[in-house]
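Take a look at the structure below.
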Amino acid sequence: MRKTLLLFLLVLGSGWMVQAQEISSPDKNLSLKFELNASGTPTYQLKYKKKDVIKTSKLGIETKDVPSFLTGFTVVKTEKVTADESWNPVWGEQKTIRNHYNELLVTLSQKAEKDRYIRLRFRLFDDGLGFRYEFPEQDNLNYFIIKEERTEFAMAGDHKAFWLPGDYDTQEYSTVTSKLSEIRGLMKSAVTPNSSQTPFSDTGVQTPLMLKSNDGLYINLHEAALVDYSTMSLELNDKTMVFESHLTPDAIGDKGYLQAPTQTPWRTVIVSDKAGDILSSKLVLNLNEPTKYKDVSWIKPVKYVGVWWEMITGKSSWAYTDEKIQFGVTDYKKTKPNGKHGANTAHVKEYIDFASKHGFDAVLVEGWNEGWEDWFGKTKDYVFDFVTPYPDFDVKELQRYAAEKGVKMMMHHETSGSVRNYERHLDTAYKFMVEHGYNSVKSGYVGNMIPRGEYHYGQWLNNHYLYAIKKAADYKIMVNAHEAVRPTGLNRTYPNLIGNESARGTEYESFGGNNPDHTTILPFTRLVGGPMDYTPGIFQTKISAYNPDNNSYVRTTLTKQLALYVTMYSPLQMAADFPETYNKFMDAFQFIKDVAVDWDESYVLEAEPGDYITIARKAKGKDEWYIGGITDENARTSTVTFKYLPKGKSFTATIYADGKDASFDKNPQSYTIRKIKVNAKTVIKQQMAPGGGFAISVK
């Protein structure tokens with residue numbers, strides 16, 4: 001130990017060391033250069049096949065209560081290592097993931113601050129870069145408060161961008177496609193109403209941010225392993241085309257409270273000259289820690305139906321009564337039922353019957369618990385208790401009935417943003433779930449946060465989301481968190497996080513609609529960090545068929561909805577429409593019944609963000625493949641290959657395709673189903689209607 005310490009101190013004093021350091025990716029396509037500028041500020045640059053990805057960009061962290069980590073650094077030590085390993089996720093798009101990178105670790109000292117030091121760790125993969133700041137334990141650094149992180153991403157041009165307005169509270173916006181220089185002019189129209197929103201800048205955008213350069217590079221900016229830290233957005237200087245990190249503040253404006261030893265999340269840059277490589281990248285997952293759980297046998301992918309879409313469309317209500325109530329005081333048995341309450345015992349049994357008949361794993365029920373009459377917009381602290389059902393929802397009877405039918409019940413916990421209240425009840429709520437046979441929960445954080453003034457994406461809330469996931473693991477419960485922070489690969493470490501919303505999902509099809517290109521963008525943006533509970537499977541695209549007062553419609557064809565089960569990866573997939581609607585289209589519904597939710601292999605056959613995606617996947621442990629292809633508002637012909645099939649074998653492919661007269665706006669329910677023989681040499685041309693798609697099962 002004494003020798004090691006002496007060696008480190010000697011290196012620490014060697015300020016004459018070469019300041020510039022370079023590493024390459026294992027395949028040599030990517031190169032990273034690290035250097036200190038004249039003021040002792042750390043900088044980096046990244047090239048792909050000799051093309052600029054990130055031009056010289058500054059690194060640093062500005063602090064509030066101690067001298068900042070911005071300038072005056074000298075390089076005192078550098079270390080380079082190579083790692084090449086494989087690991088198997090509990091669930092995922094691939095059975096096995098390779099983690100292969102070259103690493104540069106730079107130790108920097110600030111002489112003016114009594115030899116205070118930090119480390120910068122860079123990992124260069126074949127598909128991109130991850131880097132983070134590390135603060136070792138040391139005499140001259142203990143607690144500190146972040147004023148702002150000053151990480152830069154200097155773009156090499158006025159790239160095409162797929163962006164969301166920067167916001168501390170929501171990602172539920174439509175993606176805007178524009179040049180970087182056009183963001184400022186489009187920002188006002190991009191900020192559409194939401195239940196909780198705090199835009200922060202005319203040029204601020206969120207991650208994952210997808211970019212395409214004029215010379216054909218696809219670039220994705222995001223972060224990995226967001227733990228005990230504020231969420232990063234990006235502030236664009238639209239004169240220089242330089243992004244700078246912008247952290248979400250807390251109620252008093254501070255952006256992070258840290259204590260050494262600690263580190264920031266990884267900042268990630270995924271890059272390729274092929275769009276499909278962005279979709280295939282496992283860089284974000286690889287930068288997260290292995291699972292913390294010894295036993296993962298209780299974590300299973302889930303295909304489910306539920307009492308949900310009928311409330312979203314306005315056909316049913318979450319609330320039991322239309323009378324005024326006071327939660328915890330009102331005796332609901334003395335109130336008059338409104339006659340529209342969806343979560344009643346008889347109706348839920350119908351969903352259980354449907355799930356059992358068609359092989360679904362679970363039934364979600366929203367609106368089962370007291371308090372929905374005035375849950376939103378009142379900034380109430382005590383808003384739900386998560387254990388008290390409405391008079392018409394018999395918890396024990398439904399537990400018995402579901403068990404008899406071989407179906408699990410999925411719990412719903414809406415917090416109404418009152419995080420203090422949720423944590424107050426969390427153990428009791430999870431115990432209630434275990435006692436009544438629930439092993440998964442959909443949680444929600446709709447509305448402004450309580451404690452008041454906190455934001456959805458601040459450090460305090462990020463710590464809460466992870467606390468709820470880890471606490472759920474104590475009870476062997478899987479979590480699907482809506483309105484929480486967008487994922488950063490933490491599902492590798494905590495695989496009971498089987499889903500998130502954190503984007504504009506299918507529910508918005510009932511609130512005015514999503515653009516036809518929406519699902520051709522999300523896999524390049526939101527899904528880079530982890531799977532989304534998008535809730536596809538809507539066959540009746542006219543919302544007025546369920547609620548005459550709602551004229552929204554789903555901008556998709558029926559077969560595009562089938563394709564989403566493949567292109568929008570998730571181990572948690574909902575068949576979101578009504579059982580009575582599926583009963584009218586049982587031939588098409590067969591694909592939803594068949595399609596897997598866990599995979600051995602995945603292949604991106606063709607892709608272009610905002611235009612089209614075609615993906616093929618092999619079901620986990622089966623000789624079955626499923627292919628999904630989707631397009632934007634334009635009709636398109638897809639080229640589908642089958643070269644991933646075992647050579648020398650013949651398979652039957654069932655093709656669910658748009659009809660010749662299909663379109664998302666005029667004839668969405670026109671489709672055809674045909675069967676053909678295929679093998680590894682087969683190539684087919686498949687037409688997609690405007691806003692359409694196709695799905696293929698291969699057995």
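Side-chain atoms are counted along with the backbone in the values below, which use heavy atoms only and exclude waters and symmetry mates.
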Counterpart residues, side-chain hydrogen bond (donor to acceptor under 3.5 Å, both in side chains), relative to Y430 (two or more places apart): none

Is the distance between the ring centroids of Y168 and Y455 under 6.0 Å? yes

Separation between OG1 (T177) and CH2 (W163), nearest 0.5 Å, reads 9.5 Å

Within 45° of the six-membered ring axis of W266 and under 6.0 Å from that ring's centre, is NZ or CZ of R121 located there? no

Closer than 3.5 angstrom, by distance alone: can the side chain of E507 be matched with the main-chain N or O of G505 as a donor-acceptor pair? no

Against the six-membered ring of F69, is R116 placed for a cation-pi contact (under 6.0 Å from the centre, within 45° of the normal)? yes

Applying side-chain hydrogen bond (donor to acceptor under 3.5 Å, both in side chains), name anything that partners Q197, two or more places apart in sequence or on another chain. Y173

Do T415 side-chain atoms and V419 backbone N/O form a donor-acceptor pair below 3.5 Å? no

S189 side chain to L186 main-chain N or O, any donor-acceptor pair under 3.5 Å? yes

Side chains of D250 and Y257: do they bring a donor and an acceptor to under 3.5 Å? yes

Just checking, is any N or O donor in the side chain of T56 or Q45 under 3.5 Å from an acceptor N or O on the other one? yes

With sequence neighbours excluded, what pairs up with R123 under the salt bridge (charged side-chain N to carboxylate O under 4.0 Å, His left out) test? E103

Side chains of V227 and T488, heavy atoms from C-beta outward: is any pair under 4.5 Å? no

Distance (rounded to the nearest 0.5 Å) between Q263 CD and I118 CD1: 13.0 Å

Where the side chain of E172 meets the backbone of N194, is there a donor-acceptor pair that is under 3.5 Å apart? no

Residues that F376 engages under side-chain contact (heavy atoms from CB on, under 4.5 Å), provided they are two or more places apart: S195, V446

R486 side chain to T207 side chain, donor-acceptor N/O pair below 3.5 angstrom: yes

Are side-chain N/O atoms of S502 and Q171 paired as donor and acceptor at under 3.5 Å? no

Counterpart residues, side-chain contact (heavy atoms from CB on, under 4.5 Å), relative to I299 (two or more places apart): V90, W91, Y293, V296, M478, P495, N496, I498

Partner residues of E85 under the side-chain hydrogen bond (donor to acceptor under 3.5 Å, both in side chains) criterion, sequence neighbours left out: N99

Separation between CD of E93 and OG of S280, rounded to the nearest 0.5 Å: 8.0 Å

State the CD-OG1 distance between E134 and T107, to the nearest 0.5 angstrom. 9.0 Å

Between Y133 and T151, a side-chain donor and acceptor under 3.5 Å: yes

So, the side chain of N500 versus the backbone of P487: is there a donor-acceptor pair under 3.5 Å, distance only? no

Would you mind reporting whether K442 and M411 have side-chain heavy atoms less than 4.5 Å apart? no

side-chain contact (heavy atoms from CB on, under 4.5 Å) filter on N102, not counting sequence neighbours, yields P26, T82

Going by the rule ring pair (Phe, Tyr, Trp, His ring centres under 6.0 Å), which residues pair with Y48 if we only count those two or more places apart in sequence or in a different chain? none

For E423 and Y467, which I'm curious about, is there any donor-acceptor pair between the side chains at under 3.5 Å? no

Is a donor on one side and an acceptor on the other found under 3.5 Å between the side chain of S230 and the backbone of T248? yes

Qualifying residue, where the test is side-chain contact (heavy atoms from CB on, under 4.5 Å) with R526 and the options are M568, E501, R504, M532: M532

Beyond-backbone contact of S443 with Y422, side-chain heavy atoms, under 4.5 angstrom: yes

Side chains of N142 and Q259: do they bring a donor and an acceptor to under 3.5 Å? yes

Is it true that F144 and F135 have ring centroids separated by less than 6.0 Å? yes

Under 3.5 Å: donor-acceptor pair, side chain of Q21, backbone of E35: no

Can a side-chain donor-acceptor contact be found between D167 and Y457 if the only test is distance below 3.5 angstrom? no

Value for CG (L70) from OG1 (T63), rounded to nearest 0.5 Å, stands at 7.5 Å

Distance-only side-chain donor-acceptor flag, E483 / H456, under 3.5 Å: no

Do E414 and F384 come within less than 4.5 Å of each other through their side chains, counting heavy atoms only? yes

Any donor-acceptor N/O pair, N237 side chain to T240 backbone, under 3.5 Å: yes

Pairing donors with acceptors under 3.5 angstrom, does anything connect the side chains of D533 and N480? yes

Side-chain donor/acceptor of S570 to backbone N/O of P531, under 3.5 Å: no

Just by distance, with hydrogens left out, do D228 and N462 show a side-chain donor and acceptor under 3.5 Å apart? no

Please walk me through it: do R452 and E454 pass salt bridge (charged side-chain N to carboxylate O under 4.0 Å, His left out)? CA-CA 6 Å; R452 295 175 179 87; E454 294 292 337; over 6 Å; no

Which salt bridge (Lys or Arg N to Asp or Glu O under 4.0 Å) pairs, counting each pair once, include a residue from residues 58-71, with sequence neighbours left out? E62-K147, E62-R150, K64-D254

With Y445 as partner, the option from H413, H464, H482 fulfilling ring-ring contact (aromatic ring centres under 6.0 Å, His included) is H464

Taking side chain as C-beta onward, heavy atoms only, is L287 less than 4.5 Å from T268? yes

For the residue pair S418 and S416, confirm or rule out a side-chain donor-acceptor distance under 3.5 Å. no

Residue pair L164 / T175, side-chain heavy-atom distance below 4.5 Å: yes

Output all residues satisfying ring pair (Phe, Tyr, Trp, His ring centres under 6.0 Å) with F131, sequence neighbours left out; order by chain, then residue number. Y44, F122

Is there a salt bridge (charged side-chain N to carboxylate O under 4.0 Å, His left out) between R267 and E223? Walk through the geometry before answering. CA-CA 4 Å; R267 279 61 190 97; E223 61 181 319; 2.9 Å; yes

Side chains of Y494 and K470 in contact at under 4.5 Å (non-hydrogen atoms): yes

Identify, with sequence neighbours excluded, every residue that meets side-chain contact (heavy atoms from CB on, under 4.5 Å) alongside R184. D202, T203, D238

Applying side-chain hydrogen bond (donor to acceptor under 3.5 Å, both in side chains), can you list everything that pairs with N214, at least two apart in sequence or on another chain? K179

Looking only at the side chains, is there a donor atom on one of T43 and N37 sitting less than 3.5 Å from an acceptor on the other? no

Between S233 (side chain) and Q206 (backbone), is there a donor-acceptor pair under 3.5 Å? no

